[in-house]
There are 2 protein chains.
Amino acid sequence: MKLLIVGGVAGGASAAARARRLSEDAEIVVLERGPDVSFANCGLPYYIGGVIAERDKLLVVSPERLRQRFRLDVRTGASVEKIDRQAKTVRVRDLDTGRAYEERYDTLILSPGAAPFRPPIPGADLPGVVTLRTLADTDHIKQRVDGGIRQVILLGAGFIGLELVENFVRRGVETSVVELARQVLPPFDAEMTTPIADRLTERGVRLFLGQTAEVIEASPGGLSLRLISGEKLSAPLVVLGVGVRPENRLAVETGLEVGPRGGIRVNEHMQTSDADIYAVGDAVEVTDFVTGERVQVPLAGPANRQGRLAADHIFGRPARYRGTQGTAIVGLFGLTAAMTGASEKTLKRLGRAYRKVYVHPGHHAGYYPGAESMTLKLLFDRSSGKLLGAQAIGGAGVDKRIDVLAVAIQAGLTVFDLEEAELCYAPQYGAAKDPINMAGFVAAGLVRGDHPQTDVDGLSTNKELSLPLLLDVRTPHEFALGHIPGAANIPVDDLRSRLSEIPKDRPVVAYCQVGQRGYLATKILRHIGYQASNLGGGYKTYQLFYPTPKQP
Amino acid sequence: MKLLIVGGVAGGASAAARARRLSEDAEIVVLERGPDVSFANCGLPYYIGGVIAERDKLLVVSPERLRQRFRLDVRTGASVEKIDRQAKTVRVRDLDTGRAYEERYDTLILSPGAAPFRPPIPGADLPGVVTLRTLADTDHIKQRVDGGIRQVILLGAGFIGLELVENFVRRGVETSVVELARQVLPPFDAEMTTPIADRLTERGVRLFLGQTAEVIEASPGGLSLRLISGEKLSAPLVVLGVGVRPENRLAVETGLEVGPRGGIRVNEHMQTSDADIYAVGDAVEVTDFVTGERVQVPLAGPANRQGRLAADHIFGRPARYRGTQGTAIVGLFGLTAAMTGASEKTLKRLGRAYRKVYVHPGHHAGYYPGAESMTLKLLFDRSSGKLLGAQAIGGAGVDKRIDVLAVAIQAGLTVFDLEEAELCYAPQYGAAKDPINMAGFVAAGLVRGDHPQTDVDGLSTNKELSLPLLLDVRTPHEFALGHIPGAANIPVDDLRSRLSEIPKDRPVVAYCQVGQRGYLATKILRHIGYQASNLGGGYKTYQLFYPTPKQP
């Protein structure tokens, strides 16, 4: 068996190591175009920021180690130019010597990755307009920062882009971010990104949301960028972080099927339309585990799993890829944002009958010092309660809750199962009712029809709720600090004795800070005949949708 | 509907609040013998240690709040002396006035909790021999520490006991711990507690394991305690932390069924043998979710869930308790130990056909600074790979992995599902192959029969492995720092070229530091006909079983 692997990072490296573990006999050749195999893509921004001090740390496994320990024939600077599927050979160009040669294969794995997208903006190819993918890119950007540049413009506010921003700020570089969407981190639902946008602004980052560059031009200071709004930004360095495109050239040229967004199409065994050619990683189209859609999800974890799985299947195991859930996380200026499964915008686009809840718990028991708050959003099927997605934003413990929910989604659990989850509780780590349980309680109540909930984003659009009475059931002190315009204030503890103040001819939407007192108020009001509902997630959720403007 | 609840902490308080949320009409009376309802039991040690500075923080909800917000008739100092099941009344003694009165119920919930066990040791009732359960107990111990005592003896090395120890040490109090088991934290498997015992010793705690007190006597310095070993300890304060016993007096006297260990027997709706009397919390016998055994598991999370569930069932919902998983966690001197599901000792006792793996990953990517190490032990069914239990010990991220595994066990997942788990990965939070995935890979390989594994604790007892060659495949440097006695050293990278040095007539057990190189070595050796196996979890696991003696 001769196995050729094109691409030696993430999925390719995983496939190679796994293949050797499965077969001591196989001839395994790894052809990597770049100078490095198996480097830590996800660490690149932190090396630029100086958090990762030594460049060597980014080289997870050296070619020598792969050669010696796994007896892999690892060739760097080896560019595969062509695949001959009939002859089962590839043509390889040795980039150091320029020599071209043929290499035979029994099975081929393509792991070419995805390349940063260069948008068709005039000037996007000017020197000083860069992307971040390889160690060489990283070295270049770091040299510019080390060399003392004071401004950077970032096009795109995705995960890696914002990680770069954090590291630019860490290095004292003034950063402007231009993002086409009206939010940062577009895979998240917009309201969940409000705290991130606020934090970026607090740290001096200039955000231009709902904007895009019309043209980039060389200028005395380096580069000048004009937005569609007419605004002009200038900086010596512009980083393009507007997404990636699958590296599908080889696949397309050799006639392999690709999807509408360019991803190489594979079956559940990671086989392309040619059963002897597998493809893994950012270059392939995958099935969304929750929605069943075909999607492009460039993530390191799935890439590694796919590589491993392709090797398993090649060596005779009944391995099947279950799809990609889109579990993702980013840490920015002390905040953590994480998600798994479908977003609300995806569910809306697909017309799914979902519901959602927001809870705002502390990451551990409130009586123990140091509890950090988070907002946890849960998306689930309206009738069965099956979990569809989750997003969280906050401080410590966000990653834990999303990982728990990632496994819950993988297992097909419902919100009722979350009520019953038995999680770690000591005061430093959680609560007797963990945020997961709390979210489960609220969501399960909603599915069971215990009480109606009005969504914040349904407040203004819900016709049935025309002219509802907004009833703020928090304390007068909380009310004074900020409330929804037009709301009346009756604290929940006074509610039973002040019912006469509430007109009976209008629907009532009760709200408190996070939803608990509002829930109780709703119960009380409905018991005596009011058409009452609780504002889901309370004023804290309202503030995510309608943030108080921050001073930059 | 008149609902009486006996006991206003944890389960009782949860039941009361839930009952009100379900019914605005019900008459709900909470009868609490002590002066406080709903206090934070799990915070008591940290108040003694000064971590929780304000006593008020321990009072999670005041009786006033419960009265006002939930219209609960909360009576503290109200001791229920007798239940008349025919008349459906209880006799209540008001401890403040001494007055006794009858209170009628339609439904009764017992949430009496569990009391610290006073072992039958002569002198266990002397002044200065105390237990920790209530706020009053806490105040007393804190006063003694504030008053300047310099030594404390703790009988029992359970969760709360060791949390107390940490807080005594924090306050500069010399602490001796006497534990009957030959390990600390008896619910854990012994080897997993080695790092905790080491850390306690490092911090100056004197551990007397496999020991018990024969007699406690008054002495000039306060109390003197003689161990069965003959050794004598003395201190002005002795804390009994040798477990709790269900408060079942009321239940027994009124003829309700109790289990062999004294727990009130309940069905899946938390109903006792009298369908109008429910029981919840530490006083009840529960079903172990994994093993199906009837057990006593005093934990706050399950108590709260049971209270909520009892209220649900009383108010007409089809609620069922799924059993207790035993998810537990403790933080001690910067280490975290956590577990969920069955322990190995339980599986052994029940004769279950289980297998186990150990992995020793970092809590996040190694290339990002600050990765803390952990040991994760997974227990699973030998043939199906279904998860049965998990334990972890280490630094950051231990709680996350056990929570993920707790939900995986709840969902009935297998080790194969862990291979496919898609968890959060950015370098500060995890790895492209998370510890959960790593454990899944190793365990799945074992279930699939990819390669034989020898357990560390099977090394000396496995007859088939009589006189195996122990082959240390780490570097000579690692070997020199410590190895298993009798092992030969051939680094894995040299193995293929040095096969002639390995006799073919003996079985070979290969090991490395954590198991990865040992796995590869086993593959290489078996490929050319050796009867080779890998030592599960490598030298790090060996050291948990056979720790290098530490200087106290």
Side-chain angles (χ1 to χ4, degrees), chain A residues 10 21 24 40 42-43 46 51-52 57-58 60 68-69 71 299-305 322 324-325 327-331 336 338 340 365 367-369 399-400 402-404 406-408 410-411 413 417 420-430 432-433 492-493 496 519-520 523-524 527, chain B residues 10 21 24 40 42-43 46 51-52 57-58 60 68-69 71 299-302 304-305 322 324-325 327-331 336 338 340 365 367-369 399-400 402-404 406-408 410-411 413 417 420-430 432-434 492-493 496 519-520 523-524 527:
Chain A
R21 287 201 183 91
E24 185 63 13
C42 300
Y46 301 96
V51 178
I52 298 173
K57 292 265 184 195
L58 299 172
V60 178
Q68 190 167 27
R69 181 160 301 167
R71 282 194 308 118
L299 283 168
N304 278 280
R305 268 200 291 144
R322 69 176 177 92
T324 297
Q325 236 172 273
T327 307
I329 190 166
V330 65
T336 299
T340 187
Y367 64 81
Y368 191 90
D399 57 329
K400 176 161 81 172
I402 293 299
D403 273 359
V404 164
V407 168
Q410 177 184 354
L413 298 191
D417 295 311
E420 299 183 8
E422 189 183 321
L423 303 170
C424 290
Y425 168 45
Q428 313 94 309
Y429 303 98
K433 292 165 184 164
V492 66
D493 292 341
R496 290 186 182 89
Y519 170 88
L520 189 65
K523 282 282 188 189
I524 295 170
H527 179 66
Chain B
R21 288 202 181 91
E24 186 64 15
C42 300
Y46 300 96
V51 178
I52 298 173
K57 292 264 185 196
L58 299 173
V60 177
Q68 191 167 26
R69 181 159 303 167
R71 284 195 308 119
L299 283 169
N304 279 282
R305 267 200 291 145
R322 70 176 176 93
T324 297
Q325 236 172 273
T327 307
I329 190 165
V330 63
T336 299
T340 187
Y367 63 82
Y368 191 88
D399 57 330
K400 175 161 83 171
I402 292 299
D403 274 359
V404 164
V407 169
Q410 176 184 355
L413 298 190
D417 295 310
E420 298 183 9
E422 190 183 321
L423 303 170
C424 291
Y425 168 46
Q428 313 93 309
Y429 303 98
K433 291 165 184 163
D434 191 87
V492 65
D493 291 342
R496 290 185 182 90
Y519 170 89
L520 189 66
K523 281 283 189 190
I524 294 170
H527 179 66

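We name chains A, B, ... by the order of the sequence lines, and we start the count at 1 in each one. Hydrogens, waters and symmetry mates play no part in the numbers below; they use all other heavy atoms, side chains included. Just so it is clear, the structure is predicted and the values come from calculations on it, not from any experiment.
- For Ala406(B) against Thr340(B), the heavy-atom pair with the smallest separation is CB-OG1, 3.6 Å.
- At a 4.5 Å heavy-atom cutoff, the contact between Tyr46(B) and chain A is made by side-chain atoms alone.
- If you measure heavy-atom distances from Val330(A) to chain B, the contacts under 4.5 Å come from the backbone alone.
- Proximity to chain A involves both the backbone and the side chain of Gln68(B), based on heavy atoms less than 4.5 angstrom apart.
- For the set Glu422(A), Arg21(A), Glu24(A), the count of heavy-atom pairs under 4.5 angstrom toward chain B peaks at Glu422(A).
- Among Asp417(B), Asp399(B), Ile402(B), Val407(B), the residue with the largest count of heavy-atom pairs under 4.5 Å with chain A is Asp399(B).
- Between chain A and the options Thr327(B), Val51(B), Thr324(B), heavy-atom pairs under 4.5 Å are most frequent for Thr327(B).
- Ranked by heavy-atom pairs under 4.5 Å with chain A, the first of Ala365(B), Ala421(B), Ala10(B), Ala426(B) is Ala421(B).
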Tyr425(B) and Leu299(A): side-chain contact (heavy atoms from CB on, under 4.5 Å), yes or no, with the steps?
CA-CA 9 Å; Tyr425(B) 168 46; Leu299(A) 283 168; over 6 Å; no
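- Closest of all the heavy-atom pairs between Ala328(A) and Cys424(B) is O-SG, 4.4 Å.
- For Gln410(B), the part lying near chain A is the side chain, with the backbone staying farther off; criterion is any non-hydrogen pair under 4.5 Å.
- Contact of Ile524(B) with chain A is made through backbone and side chain together, with heavy-atom distances under 4.5 Å.
- With chain A as the partner, the residue from Lys57(B), Lys433(B), Arg496(B), Gln428(B) showing the most heavy-atom pairs under 4.5 Å is Arg496(B).
- The part of Arg305(B) that comes within reach of chain A is its side chain, from C-beta onward, which places non-hydrogen atoms under 4.5 angstrom from that chain.
- Residue contact with chain B, scored on non-hydrogen atoms closer than 4.5 Å, involves the backbone and the side chain of Gln325(A) alike.
- The most heavy-atom pairs under 4.5 Å with chain B, out of Leu58(A), Leu520(A), Val60(A), Leu413(A), come from Leu520(A).
- Between chain A and the residues Glu420(B), Lys523(B), His527(B), the most heavy-atom pairs under 4.5 angstrom are made by Glu420(B).
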Given Tyr367(A) and Cys42(B), is the side-chain contact (heavy atoms from CB on, under 4.5 Å) satisfied, shown in steps?
CA-CA 10 Å; Tyr367(A) 64 81; Cys42(B) 300; 3.4 Å; yes
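- Contact count against chain A (heavy-atom pairs under 4.5 Å) is highest for Asp493(B) among Val404(B), Asp493(B), Val492(B).
- Contact of Leu423(B) with chain A is made through backbone and side chain together, with heavy-atom distances under 4.5 Å.
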